[in-house]
Number of protein chains: 2
Amino acid sequence: MDMPSDVVELAARLVDISSVSGNEREVADVVEHELRKHPHLEVLRDGDTVLARTNFARSTRVILAGHLDTVPVADNVPGVLTADGIPTDGSRPSSSSFEEATMLWGRGSVDMKSGDAVFLALARELVEPRLDVTWIFYDHEEVEASLNGLGRIERNHPEWLQADIAILGEPTDASIEGGCNGTMRLNITARGVAAHSARPWMGDNAVHRIGAVLERLAAWKPQTHVVDGLEYRESLLAVGVQGGGARNSVPDSATAIVNFRFAPDRSPEQAESYVRELFCDTDLQIELTDCAPGARPGMEHPEFAQLADALREHGAGDPTAKLGWTDVARFSALGVPAINCGPGDPTLAHRADEACPVSQIRDLHRTFTAWLL
Amino acid sequence: MDMPSDVVELAARLVDISSVSGNEREVADVVEHELRKHPHLEVLRDGDTVLARTNFARSTRVILAGHLDTVPVADNVPGVLTADGIPTDGSRPSSSSFEEATMLWGRGSVDMKSGDAVFLALARELVEPRLDVTWIFYDHEEVEASLNGLGRIERNHPEWLQADIAILGEPTDASIEGGCNGTMRLNITARGVAAHSARPWMGDNAVHRIGAVLERLAAWKPQTHVVDGLEYRESLLAVGVQGGGARNSVPDSATAIVNFRFAPDRSPEQAESYVRELFCDTDLQIELTDCAPGARPGMEHPEFAQLADALREHGAGDPTAKLGWTDVARFSALGVPAINCGPGDPTLAHRADEACPVSQIRDLHRTFTAWLL
């Protein structure tokens, strides 16, 4: 099945192919079919990840990567190209031709098949790019990290991840979001002494003690770290709490599940120490359960500066910091400076009403073309 | 199978008959067998509840009641009569003869087969008591209220619960604990607005908001109400908390499970209003999930005053208030003033090391005999 040549029509067709994590085969088949048509590309298939690269022996190689999977659909596949805006009542928008459409609505329109479409169109069209390019379309990004297609490529074909810089097409409203905050989860547990709830003064209420932890988290002021010129705003919050439950007992244990999003100038060890320091005057138990390091943006690389200039010419804002964690951290860990740049408002990702402005798809397609030619 | 005549040996034999809630038949059979031997008693069996009463047309009738079931055994049946104290390592004590024993160890020794033994011995021995007496040995007290044997008698044989006063043999360290606090459970729920945990300022963290609820509960000062001369200390506490749990989301809901133990001079409605008042400056959702009214002690009844005097002569302390909820509230609801009075330390109830001083069993046996003759 051949895909349309127009980048917006291509994005809409990719949205129409359902590819919830674990079911990426059909869309990967389509991507592979498109890439294998072009003799300027060396193509590799690994599971449902498809890679392609040019081999012009340029002095600089850039990776452009996007994941093919989506979170579960919510009555929003197939997608709709519309010129009439997105209904606020959750119903499907009315459709229009791709030439007239202003929005692409549907699962993955933001996260991140519009970005995939830009990269796939460029891969087909740029038969002689100024830089060597490695294109990566990968599976299993929206699920647990151990399944991630990029991680599998790192294990099976590490040479395919060698590059000077990398760009992930994650939604950034078509501007640059550099690097990413790190993220860690910690269980903060208060211990108490059980007693009958009719005589609570004979015990020590662990749920009451966790209340003080939650109050301290609520009072925490976000801190902003400037890293390579970008402002990383940190977050520290409880994402869950659990304790007690026996009908007539003073609870002897309660746990707050805490998420710390830390700027990429903190190592994971430094970030953990920071949280422990906040509670050093307590006898709480603090257990690190999960951690992924952040990524410095590497904006000092001249090719990123040039891309930023090209984006500004098309009306994009200045580069900002990525606050959520993305796979740029994988590249950063490999020593490859990485940024996020893709169409779509990131705050709409995973929502039932996710929709991407068609203009951002076309603008990015033009800008990347100008940058790579 | 005949039971021993000595009240302590009788208590030990009752402990030896396992009677976890739902399995009271064997012990009820034994009690029924004992009671039916005596022509001064009219006996009724209903399920595994056994009732007996005298019919001397006295001006005053007293109910003496005890439940036959226990919480699950914990390697502590059969029980042990010991003169050597209770090992602190959880092992079985060494046994001694009932004449030399100082403690009865085992499941139900406190809650409440020692009390049952006192009442069963008295029922057999007091062939001509000063008051008419109704003896009740009932099933299913340690489980959900709908199964309670007293409740079944109230439905099936309400005339058997007619009396002027009632005494439950629940453990009170052989003194009087009058009435009981009421108890209610409420779910206090904070609502928030979900957001990605990398941008928590775009949401409203319900778990952080429940922290303020927990802090307010922790800061609550217990209040003591004097009712009919007894001091009822109230409790208000979180017995559980639950909220959030999604890895990367600002939680939009969190609930504290709150237990209020309220003095018997508050009606359930007044008690609920009191809790709502504490949080009236918030937009929290407060839902009453469970409520049992308290019981005024009715200590002004002259027979209770006389019993208190008799107990003091045997070294018992002054009457105090019962802080936990007991079936005295059932009698109170029927208009029958009721108190708790039984051997054993109530704080040991349900523990694996529960054990009752033999002296309390003998003292209460003597005191009740003196009071009823």
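Chain A is the first sequence line, chain B the second, and so forth, proteins listed ahead of strands; every chain is numbered from 1.
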Taking all non-hydrogen atoms of both residues into account, name the closest pair between [X] and [Y] and its distance.
{"X": "Ala74(A)", "Y": "Arg107(A)", "value": "CB-NH2, 3.9 Å"}
{"X": "Gln270(A)", "Y": "Asp265(A)", "value": "OE1-O, 3.7 Å"}
{"X": "Met299(B)", "Y": "Ile176(B)", "value": "SD-CG2, 4.0 Å"}

More than 12 non-hydrogen atoms from neighbouring residues, nucleotides or ligands closer than 6.0 Å to CG on Asp281(B), yes or no? yes
Considering residues, nucleotides and ligands other than Glu231(A), do more than 12 of their heavy atoms fall under 6.0 Å from its CD? no
Pick from [options] with the largest number of heavy-atom pairs that fall under 4.5 Å of chain A:
{"options": "Asp290(B), Val250(B), Leu237(B), Ile257(B)", "result": "Leu237(B)"}
{"options": "Ala218(B), Ala238(B), Gly324(B), Gly245(B)", "result": "Ala238(B)"}
{"options": "Ala195(B), Ala254(B), Ala212(B)", "result": "Ala212(B)"}
{"options": "Arg233(B), Gln242(B), Lys322(B)", "result": "Arg233(B)"}

Best-contacting candidate, [options], against chain B by heavy atom pairs under 4.5 angstrom:
{"options": "Ala219(A), Gly211(A), Ala256(A)", "result": "Gly211(A)"}
{"options": "Val241(A), Ile210(A), Leu323(A), Leu214(A)", "result": "Val241(A)"}
{"options": "Ser197(A), Pro222(A), Gly244(A)", "result": "Ser197(A)"}

Within residues 340-352 of chain B, residues adjacent to chain A where the heavy-atom gap is under 4.5 Å: Pro346(B), Thr347(B)
Which residues pass the ring-ring contact (aromatic ring centres under 6.0 Å, His included) test with Phe262(B), sequence neighbours left out? Phe260(B)
Could you walk me through whether Leu278(A) and Leu236(A) satisfy the side-chain contact (heavy atoms from CB on, under 4.5 Å) test, starting with their C-alpha distance in whole Å, then the side-chain angles of each, then the deciding distance to 0.1 Å, before giving a yes or no? CA-CA 11 Å; Leu278(A) 281 182; Leu236(A) 178 68; 3.3 Å; yes
Measure the CG-CD distance between Leu168(B) and Glu177(B) for me, rounded to the nearest 0.5 Å. 11.5 Å
For the CG atom of Asp327(A) and the CG atom of Leu150(A), what is their distance to the nearest 0.5 Å? 5.0 Å
For chain B, which residues from residues 198-209 of chain A lie under 4.5 Å away (heavy-atom distances)? Ala198(A), Arg199(A), Pro200(A), Trp201(A), Met202(A), Asn205(A), Val207(A), His208(A)
Heavy-atom contacts under 4.5 Å, residues 179-188 of chain A to chain B: Arg185(A)
Counting only non-hydrogen atoms closer than 4.5 Å, does Asn248(A) touch chain B with its backbone (N, CA, C, O), its side chain (CB onward), both, or neither? both
Structural part of Ser249(A) lying under 4.5 Å from a heavy atom of chain B: backbone
Return yes if a side-chain donor-acceptor contact under 3.5 Å exists between Thr189(A) and Thr255(A), otherwise no. yes
Check: Tyr274(A)/Glu234(A) side-chain N/O donor and acceptor closer than 3.5 Å: no
Just by distance, do the side chain of [X] and the backbone of [Y] share a donor-acceptor pair under 3.5 Å?
{"X": "Ser21(B)", "Y": "His140(B)", "value": "no"}
{"X": "Trp325(B)", "Y": "Pro293(B)", "value": "yes"}
{"X": "Asp173(B)", "Y": "Ser175(B)", "value": "no"}

Going through the checks in order, is the side-chain contact (heavy atoms from CB on, under 4.5 Å) test met by Asn76(A) and Val73(A)? CA-CA 6 Å; Asn76(A) 54 358; Val73(A) 298; 3.9 Å; yes
Residue pair Gln223(B), His225(B): steps toward the side-chain contact (heavy atoms from CB on, under 4.5 Å) verdict: CA-CA 7 Å; Gln223(B) 307 193 357; His225(B) 289 213; 3.9 Å; yes
From CA spacing to verdict: side-chain contact (heavy atoms from CB on, under 4.5 Å), Asp111(A), Glu142(A): CA-CA 10 Å; Asp111(A) 191 9; Glu142(A) 297 287 6; 2.9 Å; yes
